[in-house]
Amino acid sequence: MAEVHVIGQIVGGSGFPESSLFCKWKVQMGSAWRVLQGDQEGQTQVDDPSDEPMANWCHPIDLHFATKGLQGWPKFHLQVWHQDAYGRNELYSYGFCHIPVSPGYHELDCVTWRPKGTLIEELKTQFIGGSSQLKNPDLVSSSAELYKLRTVSMGKVHLRLHIIVRDFEKYGVEF
Amino acid sequence: MSTKPTSFLVFVNGAIENAEVNDYDELYLRFSYVIGKDWEICSGLDEGTTQIAHKSVQVGSKIVFNFPLEVTFRATNPFGWPQLVLSGYGLDTFGNDVVRGYGTTHIPINPGRHRIRIPLFTPRSSSRFQQFLGWMMGRRPEFVDPKVIAFNTGREMTRVRSHGYVQVVFNVVTKDMDALGYRIQSKHASPTGSKQSENTDSAHADNPYS
């Protein structure tokens with residue numbers, strides 16, 4: 001079995017309409033993959049930056065995968081949420097990002113989007129808060145189903161990841 | 001005849017260079033390393049405190065530490081790769097020692113020289129009144145154990161305010177990772193990967209809209 005280590009941070013997010021954001025992350029992978037060590041999902045702190053437009057989460061990621069094949073290479077499903085002054089949480093956007101395939105250091109910017117509702121729903125979002133959400137968040141990375149959606153762009157999530165691989169040469173995989 | 005190694009070493013040199021902050025003039029940092037259970041520190045301090053450093057009179061100057069970090073780790077498994085955890089403290093206007101920020105970063109994995117800009121953040125008070133009390137009494141919210149910021153769990157409902165950065169330089173060398181079968185660099189540099197180890201002063205933190 002070949003192994004992959006993903007070590008790094010979800011550094012922060014920028015380009016969103018408001019600050020006071022947090023991020024929920026989850027790892028999604030194919031059936032050939034198994035997580036040996038590390039948490040598969042988590043939620044960052046809520047950051048309200050005092051002078052910069054970028055929310056800093058500095059959330060550590062440390063995952064150890066074992067795999068029998070290259071299909072289903074793991075990816076992150078990200079959801080950026082906003083917490084207002086009263087402590088209410090609303091979903092801001094969805095995004096997904098493949099874990100880089102080559103060993104080494106990578107700085108990634110994961111772009112995100114949110115579903116766009118009807119005119120009435122958009123007005124409600126504007127005045128009351130809350131937002132349209134996907135019934136099935138796993139849709140974010142399924143190429144077959146996304147044609148049904150209408151979406152609006154949101155900001156980016158920044159990640160810094162180091163990838164270490166082991167024993168892929170035995171299977172003839174070149175990096 | 002050499003036997004196959006059972007563990008690898010990570011040798012780290014470097015310095016906490018400076019801190020860029022706007023609201024206050026002096027700072028000292030406490031640092032420590034958080035490592036997994038398959039790791040141990042062979043040599044070097046696993047925690048310490050820097051000097052108390054002040055800004056110079058020039059406008060826009062940084063708080064310079066130039067504080068040496070030297071440590072060697074031994075491990076059998078990259079899981080639990082060491083993280084440097086920093087907590088910054090300083091005096092407020094009333095002369096109380098208050099927390100100025102926490103920050104954390106992974107020790108870089110690739111051999112070479114890396115400059116990393118670590119954002120600092122402090123926990124926020126639950127309400128305005130608490131915030132005012134904290135300012136008056138000099139007892140701001142702080143983490144009981146700063147090492148909690150190096151873990152995934154338990155961070156969900158911490159609310160923080162981020163402000164300021166600490167620049168740290170690491171020089172990293174690894175030993176026996178290849179012999180154990182770990183590949184930490186690809187043969188061909190990828191475009192996103194080539195941004196490391198040169199001056200990451202201009203990392204995306206400076207340019208969030210790029």
Side-chain angles (χ1 to χ4, degrees), chain A residues 3 5 7-9 11-15 20 22 24-25 36-39 41-64 83 87 100-109 155-156 158 160-170 174-175, chain B residues 22-23 34 36 38 77-81 83 102-106 108-110 114 116 118-121 123-124 149-153 155-165 177 180-190 192-197 200 203-210:
Chain A
E3 294 169 36
H5 288 266
I7 294 166
Q9 280 189 347
V11 180
S14 62
S20 190
F22 64 96
K24 288 193 196 187
W25 64 273
L36 293 178
Q37 289 170 302
D39 296 318
E41 58 181 17
Q43 188 175 316
T44 69
Q45 62 203 14
V46 182
D47 182 41
D48 187 9
S50 63
D51 39 31
E52 289 234 350
M54 169 153 149
N56 289 307
W57 298 316
C58 298
H59 193 89
I61 305 268
D62 201 338
L63 286 159
H64 183 190
Q83 186 177 85
V101 174
S102 54
Y105 173 70
H106 304 267
E107 285 182 10
L108 305 170
D109 287 345
K156 292 188 212 174
H158 307 281
R160 278 189 205 148
L161 298 174
H162 297 266
I163 311 293
I164 302 178
V165 297
R166 188 182 197 204
D167 289 343
F168 275 89
E169 299 85 41
K170 295 188 188 152
E174 304 130 356
F175 284 108
Chain B
N22 292 332
D23 289 351
V34 170
D38 295 320
N77 183 358
F79 182 74
W81 196 276
Q83 297 179 63
Y102 298 94
T104 178
T105 184
H106 282 278
I109 297 184
N110 293 70
H114 311 260
I116 299 186
I118 305 174
L120 291 176
F121 52 84
R124 271 188 281 158
I149 63 174
F151 294 99
N152 173 47
T153 46
R155 305 275 298 280
E156 293 89 63
M157 278 304 150
T158 45
R159 295 163 26 159
V160 300
R161 162 151 290 139
S162 63
H163 171 74
Y165 297 91
M177 283 198 88
L180 288 169
Y182 292 106
R183 286 279 306 283
I184 53 182
Q185 271 176 326
S186 69
K187 293 184 207 161
H188 322 280
S190 73
T192 52
S194 59
K195 279 196 218 152
Q196 54 97 8
S197 82
T200 38
H204 49 253
D206 277 354
N207 204 357
Y209 298 109
S210 67

A.B. asks: Which region of B:Glu156, side chain (C-beta onward) or backbone (N, CA, C, O), has a non-hydrogen atom less than 4.5 Å from a non-hydrogen atom of chain A, or is it both or neither?
C.D. replies: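 Answer is both: backbone and side chain atoms of B:Glu156 are under 4.5 Å from chain A.
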A.B. asks: Is chain B contacted by the side chain of A:Ser50, its backbone, both, or neither, given a heavy-atom distance below 4.5 Å?
C.D. replies: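 When you check distances to chain B, atoms from both the backbone and side chain of A:Ser50 fall under 4.5 Å.
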A.B. asks: Can a donor-acceptor pair be found, under 3.5 Å and without considering hydrogens, that links the side chain of B:Arg161 to the backbone of A:Asp48?
C.D. replies: yes
A.B. asks: For the interface with chain A, which of B:Asn77, B:Asp23, B:Thr105, B:Ile149 has the highest count of heavy-atom pairs at distances below 4.5 Å?
C.D. replies: B:Asn77
A.B. asks: Quick check on B:Phe121 against chain A: is it the side chain, the backbone, both or neither that has a heavy atom closer than 4.5 Å?
C.D. replies: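 Side chain of B:Phe121 only, per the 4.5 Å heavy-atom cut-off to chain A.
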A.B. asks: For A:Phe22 and A:Gln83, which heavy atoms make the closest approach, and how far apart are they?
C.D. replies: CE2-CB, 4.4 Å
A.B. asks: Mind ranking B:Ile109, B:Thr158, B:Thr104, B:Thr153 by heavy-atom pairs under 4.5 Å with chain A and telling me who comes out on top?
C.D. replies: B:Ile109
A.B. asks: Measure distances from A:Trp25 to the heavy atoms of chain B and classify the residue's part below 4.5 Å as side chain, backbone, both or neither.
C.D. replies: side chain
A.B. asks: Using 0.5 Å steps for rounding, measure from the CG atom of A:Leu161 to the OH atom of A:Tyr105.
C.D. replies: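 The CG atom of A:Leu161 sits 9.0 Å away from the OH atom of A:Tyr105.
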A.B. asks: Can you tell me which portion of A:Ile61 sits under 4.5 Å from chain B's heavy atoms? Options are side chain, backbone, both or neither.
C.D. replies: backbone
A.B. asks: Chain B: which of A:Glu169, A:Glu41, A:Gln43 shares the most heavy-atom pairs with it under 4.5 Å?
C.D. replies: A:Gln43
A.B. asks: Which atom names give the shortest non-hydrogen contact between A:Asp62 and B:Gly80, and what distance separates them?
C.D. replies: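 Closest approach of A:Asp62 to B:Gly80: OD2-N, 2.7 Å.
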A.B. asks: Counting only heavy atoms closer than 4.5 Å, note whether A:Ile164 contacts chain B via side chain, backbone, both or neither.
C.D. replies: both
A.B. asks: Measure B:Pro123 against the heavy atoms of chain A and call it side chain, backbone, both or neither at under 4.5 Å.
C.D. replies: neither
A.B. asks: Could you give me the CA-CA distance, side-chain angles and deciding distance for B:Ser162 and A:Glu52, then say whether side-chain contact (heavy atoms from CB on, under 4.5 Å) is met?
C.D. replies: CA-CA 8 Å; B:Ser162 63; A:Glu52 289 234 350; over 6 Å; no
A.B. asks: By a 4.5 Å heavy-atom criterion (distance strictly below it), what part of A:His5 contacts chain B: side chain, backbone, both, or neither?
C.D. replies: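 Interface part for A:His5: side chain.
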A.B. asks: Check B:Arg124 against B:Val160 and note the closest heavy-atom contact, atom names and distance.
C.D. replies: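 Heavy atoms of B:Arg124 and B:Val160 come nearest at NE-O, 3.2 Å.
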A.B. asks: Considering all heavy atoms of both residues, which atom of A:Ser102 and which atom of B:Ser186 are nearest to each other, and what is their separation?
C.D. replies: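 For A:Ser102 versus B:Ser186, the nearest heavy atoms are CB-CB, 4.0 Å.
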A.B. asks: Can you tell which of A:Thr44, A:Asp167, A:Leu63 has the highest number of heavy-atom pairs within less than 4.5 Å of chain B?
C.D. replies: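 The answer is A:Thr44.
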A.B. asks: For the residue pair B:Met177 and B:Pro78, what are the closest heavy atoms and their distance?
C.D. replies: CE-CG, 4.5 Å
